[in-house]
Structure formats: structure tokens, C-alpha cells
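Read the structure below first, then the notes.
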Protein chains: 2
Amino acid sequence: MFCGLIFLFFIWEKRFVSGKKFIKSIEREDVIQNLAYDLVIFGFNGKQLKILVLEYHNTGLFALPGGFVKKSESLENAVKRGLKERTGLENIYLEQFRTFGSLSRSNPEAMKRILEENGLDLIKHEWMLDRFLSVAHYALINYDEVSPEPDSLSDSINWYSINELPTLMMDHREIVETALQVLRENLEKKLVGMNLLPSKFTMKQLQQVYEAILGEKLRRTTFQRRLLAMGVLERHEKLFQGKAHKAPFLYSFKGKQ
Amino acid sequence: MFCGLIFLFFIWEKRFVSGKKFIKSIEREDVIQNLAYDLVIFGFNGKQLKILVLEYHNTGLFALPGGFVKKSESLENAVKRGLKERTGLENIYLEQFRTFGSLSRSNPEAMKRILEENGLDLIKHEWMLDRFLSVAHYALINYDEVSPEPDSLSDSINWYSINELPTLMMDHREIVETALQVLRENLEKKLVGMNLLPSKFTMKQLQQVYEAILGEKLRRTTFQRRLLAMGVLERHEKLFQGKAHKAPFLYSFKGKQ
DNA sequence: ACATTATTGTAACATATTGAGACAATAATC
DNA sequence: GATTATTGTCTCAATATGTTACAATAATGT
């Protein structure tokens, strides 16, 4: 079985021949066999932590975005390329966190259905039904800067709150859980928060990111004191929100423009 | 290029036909292509942190142990199998920490030499000269329980202090550095120390493990207080070492026999 | 204008946690 | 019985964190 998100690699061409779309598919010879990557793309909408999930039309199958590694490119480049195709963004915070390689992570029937529903040659793409290992990554992006493009692909792609995920294919649920766990562990160490917010933000927004990632409420005063003591924040002008109370300062992370 | 440690998979048979050894080699069809794993096997000799390094005879090439993943086995099983073949041990503490996938991690010339020096068919093993991704793992073992077997293999395998490593093939140096970095990060979180010591140990031994991993001296009193406060240690009888001073207690980790 | 309201920034104090040093206990040796 | 090196624990200072309190303030209502 493959790893879910093959279609990242497909280039859809909107040619209408006898009313059908044709897909320029990926060649077996160009990519490393039995290996894929998957992406857990996190975003923060101001309240909740969300991730991007694909839905394959006519199948009801949900999966993480992912793709293959070309024989002539590095793993890192393959992932960055896929991420750019999905989100349109470059220079995204990206972290590889685990390679999933169990034998049970496969689902040839589901894969077959997806190929069929998209009018792909089953013989030519039989290699996609094989067993796949997947190198899982998570990415952190600014929710507001992205508008994932569902229309140019046969599958739709949407944000889902991590608390309200649909049932995902294969072991993708486990991949998400692991990503979240690693993200939590890296929260302090790697200043993860900076990649989920606009360049300027209030202390409250930053705290909300922390709370969304950790899944728990934090004490306001302690949080503020601790983050200021870290010395990584730069204070800017106040933000007047037009509300009947004191206006908060805006902050940015030092070293980020 | 491959990932270094293919020979873990070779089964050497000591048949003497015209004075030469013959190797039962691994079949291309049985393993996943362009994918390997590498092992950073840590041990602690009481003073220094050490790792197991291979040397290929007649080449002066040093590399990490590693191997391939069979199409019919999980990644985890492949690694555990390789680890057992190298050390003879089962139930070893094992942690996957990164997949290396750059294009520059290859060295077809070196690989060719290794194949030639071992009398392997270059045509049949040409796939080993290709580009390889490698899923890197580290293992923690009790130094005294292991006697790596150099004689049954064409390559020797020996312990090297992490401060005195020979020049390693390809990106294996980087793999070791990364392993050490991850090990340090996991030191508290995963009670790593327990896997490098015999089941009963003194507080001093435990501190020496911590110091060897972190590469710095720790304060004795603080260390002792902190580890006792964690509540993971069980105190046993005293250890009389025949020295002219107070005998230390022996400890074990709770939940480890 | 002036009180009201909600939120923010920070101070103050209590409560851990850690750093650093001191010291008694002890197992062998002299 | 004194000497020696090491161990286990205590104390006190320095830091960090939990908790509460409160003044400052930007808009609104009167």
C-alpha cells in the first residue's frame, strides 16, 4: 500500500476530451519505490489548532497530504516541493519526526478505489498498491496566509480541528497523534509558536497558541513573565482593538523580520 | 549509494573452496530498493560513552552497522533483526531518530571497493551502488553483556569512544552527532540511563553515565537529590567494594527486574 | 465630564526547585 | 584507634514558579 497522498504528485490538466479530465500521472521509474512521505500541516485560526486533510471524491476517504520522492531529488526537497504545491508557500517551518514502516500500514482496496475513481490505469499504477514506508513530517504555517486549492485537484483539501478529525485512512490517525506529541515536546525548545502566528502578535494570542498545542489552560501572569524572561520577544507599539479596556502590546520574535 | 552496513545482511559461510570464502549474498528482489537503516549502538564502559563501528578489511573504510529492509518485514523488525545479529542481544532499547535522505549521501566508488574486496559480483550487486535513504536508529546496550563478533564476518566491529571516532564513510559522522544530540534531549524524558547499566548500580555509576552522555560534570549532591526525588529508583543493599570509605547503596530502576 | 467595564502589565508574597557548601557516617587501611 | 576517601543528607542562599492583588487604560454609557 502507499502512503496516502500520492495525488500531490499528479499534475491535473484541465483538458476536456469527451467531457473527461485527463491526468498526467507520475511514472514508476521516476520515484523511489515503496517509500513516501506524509505531511501534518498545522495551522492556528486564533482559537483552535487545525490540520489540513484531503478527501478523495466519491470515496469518502480522508488522508494526510503526502507524496513520493523522485530518484533524482533529496527527501527534503521532495517534501518542500509537495508543501509548496499544497499551500503555495515557501520557507515553511518543517520538521521530520518519524518514519512509519509497519507491514499493516497498507490498504490496497482503498487505493484501488481511489485510482479507479480518478480514471487511472490500474495496471500502470499497480506499484501504488504495494506496501509503503512513509517519512512523516509536520509543518507549521500561518493560517491566514494560505488558501489551499481544492479545485485544481480531484481531491478537496480542508482544515480540520485536531479535536474533530474525520476517520483517516490507514495509520494516518497515528501519524497525527505522533506529530502532535512531538510538537508539544518541541514547544519550548524550538519556539514553535512563532511559526503559527503573524509576525506581530499580542501576548494573549501567543498564549492561545500554547494552549491550543498543549490542550490545557495556562496561567496568564506566569505565562507572560516566563516568556518575557526568555528574552526572545521584542516589544512594539500597542494594538488598539476598539475595545473598552487597556490595549495590549504587540510583540515579535527576535530574529524574525 | 547505499547506507553503509549492508553486510549485516550477508550470511557468511565458512566454506573453503580453492581457499576462498563464499558469501551467500542478499537478493535484490527480497529487499526494498534505495532504502536502508543505520545503527548507532551506544555502550558505556564505566568511564566513556562508546559506539560500535565497522571496519571493512583491505579498504580502511569505517562505517556504522546497518542493513536493508525486506519487502516482507516491518522496518522495526528489520532493525531488531540486524541488532540481534550484531550483538546477540534481544529486547534492546531502540529508538528511531531520523531519516537521512540527501542526494550527497552516497559513495559509489567506496561501495564498489567493498564489493570487490569481498569478492562479490559487481553486476549482481549493482543496485547497492545506487542512491540510498537511511532510517537512523540508536540503541543502548549494556557494554559488558556484549561481545561483538568480528571473526564470523569479513569486517571487524569494535567499540570506539565517541571522542575518538575514526573517519566514517559518507554522512555517518553526521548520523552519530545527531544520535548523540537526540540522546541528550531524551536523557531525562525517557530515563535513558537505565539501559546502559547493569540492573543494579550505584549512584556514582548513574551519574557517570549522565556525565558521559552530556559531556559535562554534574554536581554530586544535586544529582543525587534530583534523581531520588524523581521516585524512579529502588534502593537495595550496600555495595562493599573493599575500599577505605563508606559503601554506597545499590539502586535499580523501578519496573526493571 | 465622569463613572463603568474588561483587559492588561506588573508587583508582591508564598511556595517549590536548584546551586553550593558543610558535615557526620562509614568501610577499609595504617 | 587514628587516618583516608567517599557517601548520604542537611542547611542556607539563589532562582524559578504559583497565586493573588491591583493599578493603568481604552472604550462605552450616562
Side-chain angles (χ1 to χ4, degrees), chain A residues 44 46-47 184-185 187-193 197-254, chain B residues 44 46-47 184-189 191-193 197-254:
Chain A
F44 180 67
K47 300 230 165 182
R184 282 176 183 157
E185 287 167 3
L187 186 54
E188 304 295 326
K189 206 164 52 192
K190 301 189 178 176
L191 287 176
V192 153
L197 288 171
S199 59
K200 286 187 183 176
F201 48 85
T202 65
M203 193 59 80
K204 184 168 197 173
Q205 285 179 294
L206 186 57
Q207 185 178 340
Q208 284 170 330
V209 170
Y210 271 65
E211 289 175 340
I213 291 174
L214 295 175
E216 60 179 326
K217 286 280 169 197
L218 300 176
R219 219 162 297 275
R220 182 181 66 93
T221 53
T222 310
F223 179 82
Q224 176 140 339
R225 180 174 50 190
R226 204 161 50 86
L227 264 97
L228 289 177
M230 287 172 73
V232 295
L233 295 181
E234 198 153 1
R235 180 176 284 184
H236 300 282
E237 73 281 6
K238 288 188 170 186
L239 172 67
F240 298 94
Q241 295 160 304
K243 298 284 177 60
H245 54 73
K246 196 172 176 179
F249 286 107
L250 283 171
Y251 295 90
S252 67
F253 284 97
K254 282 181 184 167
Chain B
F44 180 68
K47 300 231 168 183
R184 282 176 183 156
E185 288 167 3
N186 287 344
L187 186 54
E188 304 296 324
K189 205 164 51 191
L191 287 175
V192 153
L197 288 171
S199 59
K200 286 188 183 177
F201 48 85
T202 66
M203 192 61 79
K204 184 168 196 171
Q205 285 179 293
L206 185 57
Q207 185 178 341
Q208 284 171 328
V209 169
Y210 271 65
E211 289 176 340
I213 292 174
L214 295 174
E216 61 179 326
K217 287 281 171 195
L218 299 176
R219 217 162 297 276
R220 182 180 65 90
T221 54
T222 309
F223 179 81
Q224 176 140 340
R225 180 175 48 188
R226 204 161 49 85
L227 265 97
L228 289 178
M230 286 172 72
V232 296
L233 295 180
E234 199 152 2
R235 180 176 282 184
H236 300 281
E237 71 280 7
K238 288 187 171 188
L239 172 67
F240 298 93
Q241 296 159 303
K243 299 283 176 60
H245 55 73
K246 195 171 177 178
F249 286 107
L250 283 170
Y251 294 89
S252 67
F253 284 96
K254 281 180 184 168

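A, B, ... follow the sequence lines: proteins, then strands. Residue 1 opens every chain.
- Listed nucleotides C/dT8, D/dT19, D/dT25 differ in distance to A/R219; the shortest reach to its side chain belongs to D/dT19.
- Taking atom NZ on B/K243 and atom C1' on D/dT3, their separation rounds to 17 Å, with Å as the unit.
- If you measure from atom CD of B/E237 to atom P of D/dG8, you get 13 Å, rounded to the nearest angstrom.
- When the C1' atom of C/dA28 is taken as reference, atom CZ of B/F240 falls 11 Å away, rounded to whole Å.
- Scanning residues 208-216 of chain A for heavy-atom distances under 4.0 Å to DNA chain C yields an empty list.
- Here C/dG9 presents its C1' atom at 13 Å from CD of A/Q207, a figure rounded to the nearest Å.
- You'll find the side chain of A/F253 reaches within 4.5 Å of the side chain of A/L206, heavy atoms only.
- In this structure, the CG atom of B/L239 is 17 Å from the P atom of C/dT26, given to the nearest Å.
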Give every pair of a protein N or O atom and an N or O atom of nucleotides 4-6 of chain C that lie under 3.5 Å apart, one pair per line with the distance.
from, atom 1, to, atom 2, distance (Å)
C/dT5, O2, A/A244, O, 2.8
C/dA6, N3, A/A244, O, 3.2

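- Note: A/R184 CZ to A/L214 CG = 6.5 Å, rounded to the nearest 0.5 Å.
- Taking atom NZ of residue A/K238 and atom P of nucleotide D/dA27, one finds them 10 Å apart after rounding to whole Å.
- Here D/dT6 presents its P atom at 18 Å from CZ of B/F223, a figure rounded to the nearest Å.
- At distances below 3.5 Å, at least one donor-acceptor pair connects side-chain atoms of B/E211 with backbone N or O atoms of B/L218.
- Taking the six-membered ring where the residue is Trp, B/F223 and B/Y210 present perpendicular rings, their angle passing 60° and hence far from 30°.
- The minimum heavy-atom distance between B/F201 and B/S252, with the atom names listed, is CE2-CA, 3.9 Å.
- Checked against B/M230 for a side-chain contact (heavy atoms from CB on, under 4.5 Å), the options B/V232, B/L233, B/L228 give a single hit: B/V232.
- For the pair B/Q241 CD and D/dT6 P, the interatomic distance rounds to 10 Å; values are reported in whole Å.
- The shortest distance between side-chain heavy atoms of B/M203 and B/F249 does not fall below 4.5 Å.
- In this structure a side-chain-to-backbone donor-acceptor pair under 3.5 Å is present from B/Q205 to B/T202.
- Nearest heavy atom pair, residue B/E234 against residue B/H236, reads O-CD2, 3.4 Å.
- Counting heavy-atom neighbours within 6.0 Å of A/K243 NZ, excluding the residue itself, gives a total of 12 or less.
- Side-chain contact between B/E185 and A/E185 is absent, with no heavy-atom pair separated by less than 4.5 Å.
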At a cut-off of 3.5 Å, list every protein nitrogen or oxygen paired with a nitrogen or oxygen from nucleotides 9-15 of chain D, distance to 0.1 Å.
from, atom 1, to, atom 2, distance (Å)
D/dT9, OP2, B/R235, NH2, 3.3

